[in-house]
Protein chains: 2
Amino acid sequence: MELTERKKKVLRCIVDLYIRTAEPVGSKAIAQLPDMNYSPATIRNEMADLTSMGYLEQPHTSAGRVPSAAGYRLYVDELMADYRLSLDETQSINDAIEEKMQRVDKLMEKVARLVSQATDLPAISVASRSASVTVKRFDLIKAGEGSIILVAMLSTEEVVNKLIKLPVAIEETDLKLLGAVLNATMTQICADEFTPNLMERVMNSAGMGASLVPVVVEFVIDTLRRQESANMAVAGHVRLLEQPEYQSIDKAQRVLSSLDEGALSNLPAVMQNASGTKVLVGPENITEELKDTSVVMTKFDIGDGLQGMIGVVGPTRMDYAKVTARLSYFAESLSKMFNKPEQAQLPTAEAEE
Amino acid sequence: MELTERKKKVLRCIVDLYIRTAEPVGSKAIAQLPDMNYSPATIRNEMADLTSMGYLEQPHTSAGRVPSAAGYRLYVDELMADYRLSLDETQSINDAIEEKMQRVDKLMEKVARLVSQATDLPAISVASRSASVTVKRFDLIKAGEGSIILVAMLSTEEVVNKLIKLPVAIEETDLKLLGAVLNATMTQICADEFTPNLMERVMNSAGMGASLVPVVVEFVIDTLRRQESANMAVAGHVRLLEQPEYQSIDKAQRVLSSLDEGALSNLPAVMQNASGTKVLVGPENITEELKDTSVVMTKFDIGDGLQGMIGVVGPTRMDYAKVTARLSYFAESLSKMFNKPEQAQLPTAEAEE
DNA sequence: CTTGGCACTCGAGTGAGTAGAGTGCTAATA
DNA sequence: TATTAGCACTCTACTCACTCGAGTGCCAAG
């Protein structure tokens, strides 16, 4: 059977209406829509066709129709109208970002929270690094009697440090030597390249400072690894409960706990090579527990070799047009904010973390 | 009316049973308990008394009794049996702590998560500083052409840093001067004491480095404030849904969102001067939304002038004995862990945050 | 003081009956 | 040929009356 224009139109109206009402949609309701110039009977025929084609489902004989996963897929890909953000909406998104991003304490947590607020759905926010990180330069500062401070500037322009308690006193000259050796041998090297072999060589040439080398190396590897690992946050779980499909505790609990247990942690991988905004409808989600939910996600640019991703989780019946629009706009605003020159300090401020 | 021993015993049994079953308790059920040598009728009389004394409540005429807030209070303060942790329980708590605390990335988040796991309830974990923080010493490192790194060692032995981009070039000698001035004037000073007055004086004596002073001051104040502010995490919200009292979405949603919005943020204040384990029963909670829940919390010691607090939230009908025991043990284990010498690096590692 | 007995209350669960929304099919219509 | 009106049919959600049983309070006997 062929998918005529009219069939598409009917499908679109059904999905639109179902998104609004969360109730199965009947032929009468569709026929009554302003620009639908057909009788309920005609619509019924179309609906029967759409059902047999797999785009609609019927909870039971005398109920209206509900979109199937395939129906949503088609809707998302072809049918849905562009949602234009109102000035109010863009304004409030921008305000939220401006206001909240002053302190970059828990960046991803905050982004997730904001996205969740903007969409009224649980949200995820991830930052991951696209390239590997290395140390650009080491400094050693003598701090009081028995301790020194190791300062390392990373390839990302971030600066990290560690206070090292000395087991034995160390001379200023030895410290200088150690510093020179570190800078000569252990810069421009990523975490995986710190072999035992290298470490031995460094220790041999470090003189009195040799005993410090293992501590330094451990710290550096740990730091680089941490810098490279994805930083992820989920916020606003509770908003799922606002959706009529989660009025049954069982369902809600199953989904919420799977969110809590990090069911979303494989999303970044999905997004890796994609661009723009991506929608996963129901069964397309990898996790079993999220079979009845959809995910919308998009990338943004943090700058400094950091790649950001934000996404939301909701019932398959969610307002894809609106959510997609808000999410995209959000991503855009975030990208802008992170790359505004006067905000260049932000990623740096992260160095404290 | 007097609260006889037998009345207490009856009350204790009712609370115990209600905690187990979450169903109103009838006189028959109590009379059938092994060491209760009275008939249902007698128990009924006692229950009537306890009800008129305000320790019990009756959902409706023909239902059993349920403890009132006052009843729980009495139970917690006097009646409940000590809960002895089994070897299994202590073991698994210790294992969890050992295993998870290797990397101290998001300390409070992890603690909260663990506590929540150990108690099957939503948990909160807070770290707050008991004394105010000051800078102990400044260092300035020239990093490449146009930037310097400011390193500040705090009174807490933690080290923080910031990369500062220079608007104009600065000579090595000027940098030395600036460093000296900073160390002379801005150490041993807590966040509130950075007056505009002081800043002006510093700028006057800083020579070429004067333009950097505002940046430095802003960073320092921000850092000190951040160090002093409490660091808090809540985990395991979802576990509330496991409790029969939150089978109604409305209730669950109200409580969960208030948790999400930080309803617990005033708990640390409550705990400030208290010691040991504290229980807040129902209406004793300050927040309106938590009227029907109880909170159990206790302190632990992070060392380094840091004060920790862990707590859980649950229905007023919760197993106070068990929760209290596990929480106390948890706090004890955490204190031990944080103050073990070979783990002394942990709080230092936090310096990176 | 304790206990057995008894009438009473009230919620939870059951089952029949009804209203109404929606369908599929057929025959009439443009 | 495509559309529509009409109609019988299906199925759920809701209401209402009814019963069952757990639990109570009170009284009188032990």
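Bear in mind that the values here come from a model prediction, so they are computed numbers and not experimental data. Here is the naming used below: chain letters follow the sequence lines, and residue numbers restart at 1 for every chain.
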Q | Closest-nucleotide 5' rank along DNA chain C - winner of P59(B) and N37(B) | A | N37(B)
Q. Rounded to the Å, how far apart are E57(A) CD and dT23(C) C1'?
A. 17 Å
Q. Do V313(A) and L259(A) come within less than 4.5 Å of each other through their side chains, counting heavy atoms only?
A. yes
Q: Would you mind reading off the distance between E23(A) atom CD and dC11(D) atom P, rounded to a whole angstrom?
A: 20 Å
(Q) Treating primed atoms plus P, OP1 and OP2 as sugar-phosphate and everything else as base, which nucleotides of nucleotides 13-30 of chain D get B, S or - for protein heavy atoms under 4.0 Å? (A) ---------BSBBB----
Q. Crowded around R6(A) CZ? As in, over 12 foreign heavy atoms under 6.0 Å?
A. yes
Q: May I have the distance from D49(A) (atom CG) to dT23(C) (atom P), rounded to whole angstrom?
A: 13 Å
Q: Kindly determine whether D250(A) and R254(A) satisfy salt bridge (Lys or Arg N to Asp or Glu O under 4.0 Å), including the steps that lead there.
A: CA-CA 6 Å; D250(A) 286 8; R254(A) 230 166 318 133; 5.1 Å; no
Q: Mind calculating the distance between CE (M36(A)) and C1' (dT4(D)) to the nearest angstrom?
A: 16 Å
Q | More than 12 heavy atoms from other groups under 6.0 Å of CG on D82(A) | A | no
Q) Does K299(B) reach the main-chain N or O of A274(B) with its side chain, forming a donor-acceptor pair under 3.5 Å? A) yes
Q: Find the distance E46(A):CD to dT3(D):P and express it as a whole number of Å.
A: 7 Å
Q.
How many whole angstroms separate atom OH of Y38(A) from atom P of dA5(D)?
A. 14 Å
Q. For the pair made of CG in L56(A) and P in dG24(C), what is the distance, rounded to whole Å?
A. 11 Å
(Q) If the cut-off is 4.0 Å, is T42(A) near the phosphate of dT3(D), judged by side-chain N/O to OP1 or OP2? (A) no
(Q) Rounded to whole Å, please give me the gap between CD1 in I43(A) and P in dG22(C). (A) 14 Å
**Q.** Non-neighbouring partners of D292(A) that pass salt bridge (Lys or Arg N to Asp or Glu O under 4.0 Å), sequence neighbours left out
**A.** none
